[in-house]
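Indexing begins at 1, ligand by ligand and atom by atom, following the structure's order.
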Amino acid sequence: MTIHFLNGFTCNARIPRHWKCGTLELLVETEQGLVLVDTGLGTGDYLHDSGILRLFKVVTIVPLDPQEAVVRQVVRLGYRPEDVRHIVLTHMHFDHCGGLPDFPGAKIHVHRREYESFTGRRQRWTDMAYIRRHIAHRPEFCLYQGAGEKWYDFDAIRLPFEPEMWLVPLFGHTYGQCGVAVKLSAGWFFNAADAGAVYNDATPAWAIRLVLGPHDPRLRAFMHAHPEVRMANSHMYPEWFDVATYA
Ligand SMILES: [Zn+2]
């Protein structure tokens with residue numbers, strides 16, 4: 001089993017200038033074929049200039065390099081796009097699910113609350129990052145909700161893949177956002193998505209809470225208590241992606 005770490009959307013700060021970051025996608029080899037966790041931007045996002053992307057271009061520095069489209073990275077790794085049989089979404093903001101139309105045959109696995117938030121009425125300011133075009137091709141969805149299971153001491157939902165994968169609800173940044181844990185040969189990899197910024201000690205806690213929700217302190221404590229769990233958030237500094245694979 002191998003996990004490839006992909007950066008599907010570079011988005012750098014204007015101030016301070018040295019803050020650079022990518023957006024994490026996992027390409028996991030499983031017994032059910034390739035499972036992609038989040039998609040980054042899709043090829044269509046480089047053609048349609050959405051309002052939220054225009055806003056990002058003002059607030060941040062976005063190179064918008066079409067080579068970052070995950071479908072192109074999948075091909076560069078030697079796979080075909082249709083080898084990606086399943087896509088697990090942490091949440092449905094444009095920078096996490098824009099690539100869905102590039103994998104039209106893949107089955108989409110997401111928390112029911114997130115799907116309902118995406119397809120329902122826009123209610124909160126972060127909902128402006130949902131773009132309905134991303135599911136206009138009507139993909140098949142598999143929706144999940146909690147049933148009392150645990151991954152460590154987090155409420156969690158077992159996904160139907162081997163190696164073991166868990167959807168870990170971390171609601172706050174969006175109504176139904178989840179992290180995703182993947183079992184490694186030793187220990188775990190835990191993508192805590194946009195629920196925290198565990199490697200960022202420069203941003204004040206109130207700002208992290210405002211944008212990312214309430215989980216950051218718990219995630220930091222968990223990371224320090226469990227060195228066998230390799231953790232990341234969705235937006236990581238560029239050097240982090242240099243570790244291109246993990247087994
Ligand atoms: Zn987000």
TODO: Determine, stepwise, if the pair Tyr199 / Met236 fulfils side chain to side chain contact (heavy atoms under 4.5 Å, CB included).
DONE: CA-CA 8 Å; Tyr199 297 106; Met236 299 295 288; 3.3 Å; yes

- [ ] Could you please tell me which protein N, O or S atoms lie under 2.8 Å from the Zn ion (ligand 1)?
- [x] His91 NE2, His93 ND1, His173 NE2, Asp194 OD2

Open item on the list: In terms of relative ring orientation, are Tyr79 and His4 parallel, tilted or perpendicular, with 30° and 60° separating the classes?
Closed with: perpendicular

Task: Parallel, tilted or perpendicular: rings of His91 and His93 (30°, 60°) - done: perpendicular

Task: For Phe171, ring pair (Phe, Tyr, Trp, His ring centres under 6.0 Å) partners two or more places apart - done: His111

Open item on the list: For Arg138, I'd like to know if atom CZ has over 12 heavy atoms of other residues, nucleotides or ligands within 6.0 Å.
Closed with: no

- [ ] Please determine if Lys150 and Asp155 form a salt bridge, counting it only when a charged side-chain N lies under 4.0 Å from a carboxylate O.
- [x] yes

